[in-house]
Amino acid sequence: MSALTRIVSLPSFGPIVAIVIAVVFFASQSDRFLTGGNFSLIVQQVMVVGTLAIGQTLIILTAGIDLSNGAVMALGNIVITKLAVDSGMPPLLAIALGLALTAGFGLLNGSLVSFLRLPPFIVTLGMYGIAFALTHIYSQEQTISGLPDALTYLGKTFPVGDTDITYGSVAMLILFAVAWYVLRQTAAGRHIYAVGNNPEAARLTGIDTRRVLLGVYTAAGLIYGLAALLLVARTGVGDPNTGQTDNLDSITAVVLGGTSLFGGRGSVIGTLLGAMIVGIIRNGLQLMGVASIYQTLITGVLVIAAVAIDQFNRGRQR
């Protein structure tokens with residue numbers, strides 16, 4: 001196999017080409033697109049969904065899916081802000097409890113999937129409704145403002161040349177780096193891929209598939225809590241109406257990044273590229289003055305195309 005063939009066959013090759021094409025096109029349409037400030041804005045706009053997509057990637061790699069992540073994040077968002085503001089709880093303790101709550105939702109999802117063998121689609125769809133309802137009950141439909149500085153710290157910026165970068169953007173990139181290391185350089189990561197490829201074969205080789213699934217869903221829940229913290233830092237409020245479509249956006253980022261919905265193949269680096277594709281397209285179309293409904297239309301077309309390509313590649317490999 002030639003070097004060119006190996007490069008083209010890389011899962012991240014397609015997303016990189018898509019990003020290059022999008023950047024070239026939008027740069028030709030708007031002078032404001034290729035600026036440091038605009039790219040910093042794009043990263044800020046995708047950091048919440050990008051973080052959610054890390055957890056979504058872990059689950060999809062096991063051939064599962066999580067429809068509840070946006071609602072769980074919204075619940076974590078409300079719990080953290082309400083405890084810190086209304087209850088006067090120290091911000092770090094409020095954050096810890098919020099993270100524990102979202103991780104608990106992940107643990108419950110994982111328990112139902114691994115021990116009761118319920119389909120992930122059904123489990124997480126039901127959990128979406130539960131988390132959504134609890135968010136609105138606990139918040140009493142009220143947006144929580146007046147947050148302490150500790151909760152909004154990640155929304156602050158620092159200069160890099162002439163561009164301001166948020167600490168939250170850096171935190172998202174660190175999370176991607178940690179997830180990449182775990183998946184590629186540890187036994188736990190190899191077990192995740194093995195379970196996604198063939199759970200029965202993984203079990204026969206001595207891998208505790210139930211434990212792997214339980215760990216994956218719990219870790220994903222913890223990551224959703226971190227996404228909630230980034231959301232608080234970005235918006236400066238606790239909003240019960242947030243995250244309603246972020247579950248679909250996170251799946252979009254994962255699929256566009258080349259991770260197979262059938263499990264066992266993909267990477268979080270591809271997910272980061274997928275999130276950036278969506279962010280770049282939406283930002284570029286906004287600069288062009290295109291209505292937001294067309295942004296949704298184009299994103300939907302891209303998702304279907306990405307899944308179709310994945311299905312075609314799977315058929316060729318058989």
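Just so it is clear, the model here is predicted, and its values are computed rather than measured. Only this structure's heavy atoms are used, side chains among them; waters, hydrogens and symmetry mates stay out.
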J.: Can you measure from CG (Leu92) to CD1 (Ile80) and round to the nearest 0.5 angstrom?
T.: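 Answer rounded to 0.5 Å: 11.0 Å.
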J.: Where does the angle between the aromatic ring planes of Phe132 and His136 fall among parallel (under 30°), tilted (30 to 60°) and perpendicular (over 60°)?
T.: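 Correct class here is tilted.
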J.: Check whether any side-chain N or O of Tyr193 sits under 3.5 Å from a backbone N or O of Gly266 as a donor-acceptor pair, and report yes or no.
T.: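 At least one qualifying donor-acceptor pair exists.
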J.: First locate atom CG of Leu229, then atom OG1 of Thr81, and finally report the distance between them rounded to the nearest 0.5 Å.
T.: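 So the CG of Leu229 and the OG1 of Thr81 are separated by 11.0 Å.
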J.: At their closest point, which heavy atom of Leu52 faces which heavy atom of Gly70, and how far apart are they?
T.: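 It is CD1-CA, 4.4 Å.
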J.: Using ring pair (Phe, Tyr, Trp, His ring centres under 6.0 Å), reason through Phe33 and Phe39 one step at a time and then give a plain yes or no.
T.: CA-CA 8 Å; Phe33 183 79; Phe39 272 93; 5.4 Å; yes
J.: Same hydrophobic cluster for Val49 and Ile280, using side-chain heavy-atom links shorter than 4.5 Å among ILVMFWY?
T.: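 No, it is not one cluster - the side chains of Val49 and Ile280 are not joined through contacts under 4.5 Å.
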J.: I'd like to know if the side chain of Gln244 reaches the main chain of Asn241, judged simply by a donor and an acceptor atom lying under 3.5 Å from each other, with no hydrogens or angles considered.
T.: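 Flag set: sc Gln244 to bb Asn241 pair under 3.5 Å.
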J.: Are Met89 and Leu151 co-members of a hydrophobic cluster defined by side-chain heavy atoms under 4.5 Å apart?
T.: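 Per the 4.5 Å side-chain linkage, Leu151 and Met89 are co-clustered.
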J.: Hey, what do you get for OG1 (Thr62) to NE2 (His191), rounding to the nearest 0.5 Å?
T.: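 Result: 14.5 Å between the selected atoms.
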J.: Ignoring hydrogens, what is the shortest heavy-atom contact between Val48 and Met73? Give both atom names and the distance.
T.: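 Here Val48 and Met73 meet closest at CG1-SD, 3.5 Å.
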J.: Are Leu99 and Leu226 close enough, and set up right, to give a side-chain contact (heavy atoms from CB on, under 4.5 Å), and what steps lead you there?
T.: CA-CA 7 Å; Leu99 294 180; Leu226 296 174; 4.0 Å; yes
J.: Taking Thr124 for the side chain and Leu67 for the main chain, is one N or O donor matched with an acceptor at less than 3.5 Å?
T.: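 Here the side-chain-to-backbone pair exists.
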J.: Say you draw a straight line from CG of Leu75 to CD1 of Ile130; how long is it, rounded to the nearest 0.5 Å?
T.: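 Between Leu75 CG and Ile130 CD1, I get 11.0 Å after rounding to 0.5 Å.
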J.: Within the structure provided, determine whether Ile65 and Gln56 are in side-chain contact (heavy-atom separation under 4.5 Å).
T.: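 Result yes, sub-4.5 Å side-chain heavy-atom pair found.
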J.: Walk me through whether Met172 and Val43 qualify under side-chain contact (heavy atoms from CB on, under 4.5 Å).
T.: CA-CA 9 Å; Met172 178 196 70; Val43 176; 4.0 Å; yes
J.: Considering only heavy atoms from C-beta outward, does the side chain of Gln45 approach that of Arg234 to under 4.5 Å?
T.: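 Answer yes - side chains close enough.
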J.: Do the non-hydrogen side-chain atoms of Asn109 and Ser68 ever get within less than 4.5 Å of each other?
T.: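 Touching, per the 4.5 Å side-chain cut-off.
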J.: For the residue pair Ile192 and Val212, establish whether any side-chain heavy-atom pair is separated by less than 4.5 Å.
T.: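 Result yes, sub-4.5 Å side-chain heavy-atom pair found.
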J.: Among Asp239, Leu147, Thr242, which residue satisfies the side chain to side chain contact (heavy atoms under 4.5 Å, CB included) criterion with Val232?
T.: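 Per the side chain to side chain contact (heavy atoms under 4.5 Å, CB included) rule, the option paired with Val232 is Leu147, out of Asp239, Leu147, Thr242.
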J.: Consider only side-chain N and O atoms of Thr57 and Thr271, and report whether a donor and an acceptor are under 3.5 Å apart.
T.: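 Indeed, the side chains of Thr57 and Thr271 share at least one donor-acceptor pair under 3.5 Å.
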J.: Got more than 12 heavy atoms from elsewhere within 6.0 Å of OH, Tyr294?
T.: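 Counting other residues, nucleotides and ligands, OH of Tyr294 stays at 12 neighbours or fewer.
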J.: Check the pair Leu107 / Tyr217 against side-chain contact (heavy atoms from CB on, under 4.5 Å), numbers first and verdict last.
T.: CA-CA 6 Å; Leu107 178 62; Tyr217 279 88; over 6 Å; no
J.: Measuring only between side-chain heavy atoms, which start at C-beta, is Gln295 closer than 4.5 Å to Ile281?
T.: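 No. Closest side-chain heavy atoms not under 4.5 Å.
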J.: For Trp180 versus Gln185, what's the shortest heavy-atom pair and its separation?
T.: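 Where Trp180 meets Gln185 most closely, the heavy atoms are CH2-NE2, 3.8 Å.
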J.: Considering residues, nucleotides and ligands other than Leu116, do more than 12 of their heavy atoms fall under 6.0 Å from its CG?
T.: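 More than 12 within 6.0 Å, yes.
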J.: Do Leu287 and Leu34 share a hydrophobic cluster, counting only Ile, Leu, Val, Met, Phe, Trp and Tyr and linking them when any side-chain heavy atoms are less than 4.5 Å apart?
T.: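 Same cluster: Leu287 reaches Leu34 through Ile, Leu, Val, Met, Phe, Trp or Tyr contacts under 4.5 Å.
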J.: Donor-acceptor check, side chain of Thr102 to backbone of Gly221, threshold 3.5 angstrom: yes or no?
T.: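 Such a contact is found between Thr102 side chain and Gly221 backbone.
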J.: Do the non-hydrogen side-chain atoms of Asp249 and Val278 ever get within less than 4.5 Å of each other?
T.: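 When only atoms from C-beta onward are counted, Val278 and Asp249 do not touch, as no gap falls below 4.5 Å.
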J.: Just by distance, with hydrogens left out, do Asn69 and Asp246 show a side-chain donor and acceptor under 3.5 Å apart?
T.: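 There is no such pair between these side chains.
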J.: Using the six-membered ring wherever Trp is involved, compare the ring planes of Tyr153 and Tyr167 and label them parallel, tilted or perpendicular (cut-offs 30° and 60°).
T.: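 Taking Tyr167 first and then Tyr153, their aromatic rings lie parallel (interplane angle under 30°).
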J.: Any heavy-atom pair between the side chains of Leu272 and Val268 that's under 4.5 Å?
T.: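 No, side chains not in contact.
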J.: More than 12 heavy atoms of other residues, nucleotides or ligands under 6.0 Å from OH of Tyr181: is that the case?
T.: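 For Tyr181, atom OH is not crowded (no more than 12 foreign heavy atoms under 6.0 Å).
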J.: Determine, step by step, whether Arg184 and Ser267 satisfy the side-chain contact (heavy atoms from CB on, under 4.5 Å) criterion, reporting the C-alpha distance in whole Å, the side-chain angles of both residues, the deciding distance to 0.1 Å, and the verdict.
T.: CA-CA 9 Å; Arg184 292 299 180 182; Ser267 73; 3.8 Å; yes
J.: Under a 3.5 Å distance rule, please check whether Thr35 uses its side chain to pair with a backbone N or O of Asn38 as donor and acceptor.
T.: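 Yes.
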J.: Under 3.5 Å, is there a donor-acceptor pair between the side chain of Ser250 and the main chain of Asn247?
T.: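 Yes: the side chain of Ser250 pairs with the backbone of Asn247.
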J.: Could you state whether Ile251 and Leu297 fall into the same hydrophobic cluster, counting links through intermediate Ile, Leu, Val, Met, Phe, Trp or Tyr residues with side-chain heavy atoms under 4.5 angstrom apart?
T.: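 Hydrophobic grouping puts Ile251 apart from Leu297.
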J.: So do Arg117 and Arg210 actually touch side chain to side chain, heavy atoms under 4.5 Å?
T.: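 In contact.
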J.: With a 4.5 Å cut-off on side-chain heavy-atom distances among I, L, V, M, F, W and Y, is there a chain of contacts connecting Val46 to Val254?
T.: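 No.
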J.: Write down the atom of Ala53, the atom of Ala253, and the distance for their closest heavy-atom approach.
T.: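 Closest pair (atom of Ala53, atom of Ala253, distance): CB-CB, 4.1 Å.
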J.: Taking the side chain from Ser169 and the backbone from Ile165, do they hold a donor-acceptor pair closer than 3.5 Å?
T.: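 No, Ser169 side chain to Ile165 backbone: no donor-acceptor pair under 3.5 Å.
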J.: For the residue pair Tyr224 and Asp66, confirm or rule out a side-chain donor-acceptor distance under 3.5 Å.
T.: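 Result is yes, a qualifying pair exists.
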J.: Measure the spacing between CG of Asp86 and CG of Leu83 and express it to the nearest 0.5 Å.
T.: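 It comes to 8.5 Å.
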J.: Could you please spell out the steps behind the salt bridge (charged side-chain N to carboxylate O under 4.0 Å, His left out) verdict for Lys156 and Asp164?
T.: CA-CA 9 Å; Lys156 298 182 184 299; Asp164 289 333; over 6 Å; no
J.: Calculate, to the nearest 0.5 Å, the distance between atoms CE and CD1 belonging to Met276 and Ile19 respectively.
T.: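 Here the rounded value is 6.5 Å.
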J.: Testing the basics here: between Ser139 and Pro240, what is the closest heavy-atom pair and its distance to 0.1 Å?
T.: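 Shortest heavy-atom contact: OG-CB, 3.3 Å.
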J.: Heavy atoms only: give me the nearest Leu214-Ser114 pair and the separation to one decimal.
T.: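 Closest approach of Leu214 to Ser114: CD1-OG, 4.2 Å.
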